[in-house]
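What follows is a single structure, written as structure tokens, with notes after it.
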Amino acid sequence: MKTLTVVIRAELEVPDDWELVEHPSGMEVLKIGDAFVDFDIAPLTTKSAAPEAEWSDTDVDMVGTVLDTIVGMDVEFEAQTIH
């Protein structure tokens, strides 16, 4: 068995009315209107080796197999105001 570390970094340009808040559960999340938004890992698969292959999460068994291997995960938010 081996450990695989996956680092995903995304930068979003969002409207000023979207805000970072602490959800009652204690985690920091994005608040858009009356919805709370967190981010998660979503494995995508394809059976095609073609350069233009389509990737999706529709292979539920494979996605489940990959998600079952996750032993820890953390989401970190950082907000910067653009002037």
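None of these values were measured; they are calculated from a predicted model.
- At most 12 non-hydrogen atoms from other residues, nucleotides or ligands lie less than 6.0 angstrom from CG of Asp16.
- The hydrophobic cluster containing Val60 does not contain Ile41, counting ILVMFWY residues as joined when their side-chain heavy atoms lie under 4.5 angstrom apart, directly or transitively.
- Contact detail for Pro43 and Asp57: the closest heavy-atom pair is O-CB, 3.7 Å.
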Start with the C-alpha gap between Val29 and Val37, add the side-chain angles, then the distance that decides, and say whether side-chain contact (heavy atoms from CB on, under 4.5 Å) holds.
CA-CA 6 Å; Val29 296; Val37 179; 6.0 Å; no
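- Between the CG atom of Leu44 and the CG atom of Asp59 there is a distance of 11.0 Å, given to the nearest 0.5 Å.
- Cluster membership for Met73 and Val6, using ILVMFWY side-chain heavy atoms within less than 4.5 angstrom, is shared.
- Val75 places none of its side-chain heavy atoms less than 4.5 Å from the side chain of Met27.
- From Phe36, atom CZ reaches atom CD of Glu22 across 11.0 Å, with rounding to the nearest 0.5 Å.
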In sequence, state the C-alpha distance, the side-chain angles, and the governing distance for Phe77 and Asp38, and then conclude on side-chain contact (heavy atoms from CB on, under 4.5 Å).
CA-CA 10 Å; Phe77 291 98; Asp38 193 18; 4.0 Å; yes
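- With rounding to the nearest 0.5 angstrom, the CH2 atom of Trp55 is 7.5 Å from the OG1 atom of Thr45.
- Met62 CE to Thr46 OG1: the interatomic distance, rounded to the nearest 0.5 Å, is 11.0 Å.
- Here OG1 of Thr69 is found 8.0 Å from CG of Leu4. Values are rounded to the nearest 0.5 Å.
- Cluster membership check: Phe39 shares its hydrophobic cluster with Ile32, using side-chain heavy-atom separations under 4.5 Å among Ile, Leu, Val, Met, Phe, Trp and Tyr.
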